[in-house]
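Predicted model only: the values in this text are computed from it and were never measured. FYI, side chains are in, hydrogens and waters are out, and symmetry mates aren't considered; it's all heavy atoms of this structure.
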Amino acid sequence: MTRLALVERETKRAETVKKFAAKRAAIFSIINNSQASEEEKFDARLALQKLPRNSSPSRKRNRCALTGRPRGTFRKFGIARNKLRELALKGDIPGIIKASW
């Protein structure tokens, strides 16, 4: 089991990303605008640097919904590989069966 503090940190990051998403999108639209002057782009980059680090979506980490495991998580299910295997063997996940050939 993962420490609860790490899971809580990830939920806090997700909330921060959601909170600043519109502001980041506006700043990136200025930066990527070919019509904008160099001064406007420079000011937009400075504004981007002033935002919190955790407002960047690339800082989020996918974690297992059951155990909090950070690695080996399937995006489709939101569960780590070992828990996915356990649930599939029990028959709790519809459409997934154990392979045999």
Side-chain angles (χ1 to χ4, degrees):
M1 221 36 198
T2 303
R3 290 188 324 199
L4 188 61
L6 298 178
V7 176
E8 290 297 321
R9 183 188 305 162
E10 288 301 320
T11 56
K12 199 171 175 184
R13 277 186 184 147
E15 291 170 4
T16 308
V17 167
K18 196 175 191 180
K19 180 179 174 184
F20 287 96
K23 191 178 266 190
R24 289 181 70 86
I27 291 172
F28 275 115
S29 67
I30 294 171
I31 292 173
N32 294 329
N33 185 3
S34 61
Q35 304 296 325
S37 67
E38 291 299 320
E39 290 179 11
E40 290 173 340
K41 289 183 179 185
F42 182 75
D43 292 339
R45 286 191 191 100
L46 288 179
L48 188 64
Q49 288 178 358
K50 289 181 182 177
L51 292 178
R53 278 189 183 176
N54 286 334
S55 68
S56 174
S58 63
R59 288 180 63 94
K60 288 191 338 183
R61 181 83 168 149
N62 292 334
R63 288 188 174 268
C64 176
L66 301 176
T67 61
R69 180 180 167 85
R71 294 175 184 235
T73 305
F74 284 77
R75 287 183 185 173
K76 185 174 182 178
F77 304 104
I79 300 172
R81 58 184 171 76
N82 48 5
K83 288 295 174 183
L84 180 70
R85 184 171 189 270
E86 287 176 14
L87 293 174
L89 288 175
K90 284 186 204 173
D92 290 342
I93 302 175
I96 295 185
I97 56 172
K98 186 173 186 273
S100 62
W101 59 88

* With ILVMFWY side chains joined below 4.5 Å, transitively, what does Trp101's cluster contain besides itself? -> none
* To do: Answer whether the closest heavy-atom distance between the side chains of Ser55 and Val17 falls below 4.5 Å.
  => no
* Ile93 side, atom CD1; Phe74 side, atom CZ - distance, nearest 0.5 Å -> 9.5 Å
* Heavy-atom closest contact (Lys60 atom, Ala14 atom, distance) -> CD-CA, 4.0 Å
* Atom CD1 of Ile97: over 12 foreign heavy atoms under 6.0 Å -> no
* Pairs where residues 75-92 contributes a residue and the test salt bridge (Lys or Arg N to Asp or Glu O under 4.0 Å) is met, not counting sequence neighbours -> Lys83-Glu86
* Could you note down all residue pairs passing salt bridge (Lys or Arg N to Asp or Glu O under 4.0 Å) where residues 8-25 supplies at least one of them, sequence neighbours left out? => Glu10-Arg13
* Taking every non-hydrogen atom, the tightest pair across Gly78 and Thr73 -> C-CG2, 4.0 Å
* To do: Could you pull out the closest heavy-atom pair between Cys64 and Ala80, with the gap in Å?
  => SG-N, 3.3 Å
* Shortest non-hydrogen contact between Leu84 and Ile79, atoms and distance -> N-CG2, 3.6 Å
* Taking only residues two or more places apart in sequence or in another chain, which ones pass side-chain hydrogen bond (donor to acceptor under 3.5 Å, both in side chains) with Ser56? -> Ser58
* Identify, with sequence neighbours excluded, every residue that meets salt bridge (Lys or Arg N to Asp or Glu O under 4.0 Å) alongside Arg63. => none
* Hydrophobic cluster mates of Ile31, side-chain heavy atoms under 4.5 angstrom, ILVMFWY only, any path? -> Phe20, Ile27, Phe28, Leu48, Leu51
* Taking only residues two or more places apart in sequence or in another chain, which ones pass side-chain hydrogen bond (donor to acceptor under 3.5 Å, both in side chains) with Arg61? -> none
* Structure fact -> Contacts satisfying salt bridge (Lys or Arg N to Asp or Glu O under 4.0 Å) that involve residues 38-54 (not counting sequence neighbours) are none
* Leu66 with Val7, same ILVMFWY side-chain cluster at under 4.5 Å -> no
